[in-house]
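The structure appears right after this line, and notes come after that.
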Amino acid sequence: MRVVGTRQDRIGLGVLKLILLSVLAATSVACTANQELLPLVVDVPGRSMSKLPFVIAEDQGLYEKHGLDVELWLPPPEFEGGIETPPPFWTRVWRHLGLQEEPVPDIIVNGHTPKMVRQMRETKAPKMIALAATDCSVRSYVIGRPGINSLEELKGQRLGINNDHTTSGFAALRMVQRMGWDRVQDISIMKPGGVEALREGLVDAIVGGDGTLEAAEREGFSILEDTRVWNDRLAGNSVLVYPAWLEDSTNREAARRFLRATVEAIALFHQRPALVHEVLVNWHGMDLDF
């Protein structure tokens with residue numbers, strides 16, 4: 001696998017923008033080597049390159065350095081296209097019957113802008129607070145089947161996305177707005193997305209991130225639009241927590257330490273490309289040509 005474009009531009013983390021609650025700013029306990037480690041379960045539901053700093057923090061011991069005992073949840077290496085592998089059949093049955101509890105992480109790293117879309121559309125969607133965002137612009141790709149060479153040619157066609165409440169799903173909605181189309185009358189937005197749907201002719205174009213782009217280029221599909229040129233803002237890879245969780249002062253301190261470790265990991269990401277390569281090989285099974 002290779003990375004298209006420069007390392008930092010391709011990944012598109014940009015400048016870290018921390019949106020801290022006042023309750024976090026108020027906590028100023030210094031982290032020392034002798035302090036008690038606070039347990040923290042962090043769910044990172046994706047293996048996109050932009051989520052790599054959270055893995056770097058784990059790999060380099062930054063969580064422990066800042067006083068945390070982090071259990072980092074990552075999808076398996078075969079994770080592709082933003083579709084999570086479903087749990088085994090009997091696990092789903094036990095959870096449905098209430099015989100096995102659904103594990104609840106302390107922090108979820110996911111796009112806050114698309115999550116707000118979901119919260120507006122679904123009354124039962126869980127409400128979460130974003131403490132920070134490490135990925136602050138739309139940077140998905142619109143990829144078309146053979147015979148389609150421009151966005152204009154997508155009018156009246158089928159556009160595949162994995163879900164509305166993902167960063168790539170949000171990019172698809174913004175594309176429709178930018179083209180001045182009616183999302184019902186002028187284009188069909190449907191699931192599933194991904195290269196497989198494009199390959200099988202289920203859709204005429206898809207919207208996806210870095211991993212989808214890599215797979216599409218290997219198979220020779222056309223890149224219709226790099227949405228980074230839009231300079232549209234969004235809160236992606238956000239540090240999300242439940243409001244009730246944040247009411248506990250110990251949890252607020254754990255969140256503060258997590259943000260400190262994340263900032264340091266992002267600095268390493270930009271300053272040490274050799275480390276980025278090493279982490280990709282060790283954690284993701286990728287051997288990239290830098």
Side-chain angles (χ1 to χ4, degrees), residues 16 18-21 23-24 27 29 31-33 35-48 50-79 82-88 91-92 94-96 98-112 114-115 118-119 124-135 165-167 235-266 268-269 279 282-284:
L16 175 69
L18 295 179
I19 310 170
L20 298 180
L21 299 178
V23 291
L24 292 177
T27 58
V29 180
C31 292
T32 67
Q35 72 182 142
E36 179 183 357
L37 299 182
L38 298 179
L40 195 67
V41 178
V42 180
D43 183 14
V44 182
R47 282 184 173 265
S48 65
S50 60
K51 289 182 170 63
L52 196 64
F54 301 101
V55 181
I56 290 176
E58 174 78 9
D59 184 80
Q60 296 296 296
L62 299 181
Y63 294 133
E64 185 174 359
K65 171 185 175 181
H66 288 280
L68 293 173
D69 178 13
V70 169
E71 179 182 341
L72 194 65
W73 294 358
L74 283 170
E78 59 269 22
F79 179 93
I83 302 175
E84 297 182 54
T85 303
T91 299
R92 299 198 304 271
W94 301 146
R95 290 178 182 174
H96 180 72
L99 301 177
Q100 180 174 333
E101 291 186 2
E102 187 80 29
V104 178
D106 299 307
I107 288 175
I108 300 175
V109 177
N110 220 330
H112 191 230
K115 184 169 287 293
R118 182 186 178 192
Q119 290 176 350
K124 294 184 179 181
K127 304 301 184 289
M128 303 192 76
I129 296 173
L131 303 182
T134 68
D135 188 10
H165 44 269
T166 63
T167 50
N237 286 339
S238 302
V239 179
L240 302 173
V241 299
Y242 292 102
W245 182 86
L246 202 60
E247 292 176 1
D248 188 298
S249 60
T250 300
N251 292 340
R252 293 198 298 272
E253 173 60 21
R256 187 186 72 86
R257 297 181 189 184
F258 180 76
L259 294 177
R260 289 170 63 92
T262 300
V263 169
E264 187 169 345
I266 290 176
L268 290 178
F269 168 83
V279 172
N282 293 340
W283 285 81
H284 292 289

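Note: hydrogens, waters and symmetry copies are ignored here, and every other heavy atom, side chains too, is used.
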Q. Pick from Phe54, Phe258, Tyr63, Trp73: which one makes a side-chain contact (heavy atoms from CB on, under 4.5 Å) with Val42?
A. Phe258
Q. Roughly how far, to the nearest 0.5 Å, is CG of Asp135 from NZ of Lys51?
A. 8.0 Å
Q. Taking C-beta and beyond as the side chain, do Val241 and Asn251 meet within less than 4.5 Å on heavy atoms?
A. no
Q. Ignoring hydrogens and geometry, is there a side-chain-to-backbone donor-acceptor pair from Asn237 to Ser50 under 3.5 Å?
A. yes
Q. Is there side-chain contact between Leu38 and Leu68, with at least one heavy-atom pair below 4.5 Å?
A. yes
**Q.** Distance (rounded to the nearest 0.5 Å) between Asp106 CG and Trp245 CH2
**A.** 5.5 Å
Q) Taking all non-hydrogen atoms of both residues, which atom of Gly236 and which atom of Thr167 are closest, and how far apart? A) CA-CG2, 4.4 Å
**Q.** For the student: nearest non-hydrogen atoms of Pro45 and Asn110, plus distance
**A.** CG-ND2, 3.4 Å
(Q) Evaluate Ile107 against Leu131 for side-chain contact (heavy atoms from CB on, under 4.5 Å), listing each step before the verdict. (A) CA-CA 10 Å; Ile107 288 175; Leu131 303 182; 5.7 Å; no
Q. Nearest heavy-atom pair of Leu72 and Glu58: which atoms, and what distance?
A. CD2-CB, 3.9 Å
Q. Measuring from Glu64:CD to Arg257:CZ, what's the distance to the nearest 0.5 Å?
A. 12.0 Å
**Q.** Residues which pass side-chain hydrogen bond (donor to acceptor under 3.5 Å, both in side chains) with Glu264, listed by chain and number, not counting sequence neighbours
**A.** Lys65, His66
**Q.** Beyond-backbone contact of Leu62 with Leu268, side-chain heavy atoms, under 4.5 angstrom
**A.** yes
Q. What heavy-atom pair brings Ile266 and Pro53 nearest, and what distance separates the two atoms?
A. CG1-CB, 3.7 Å
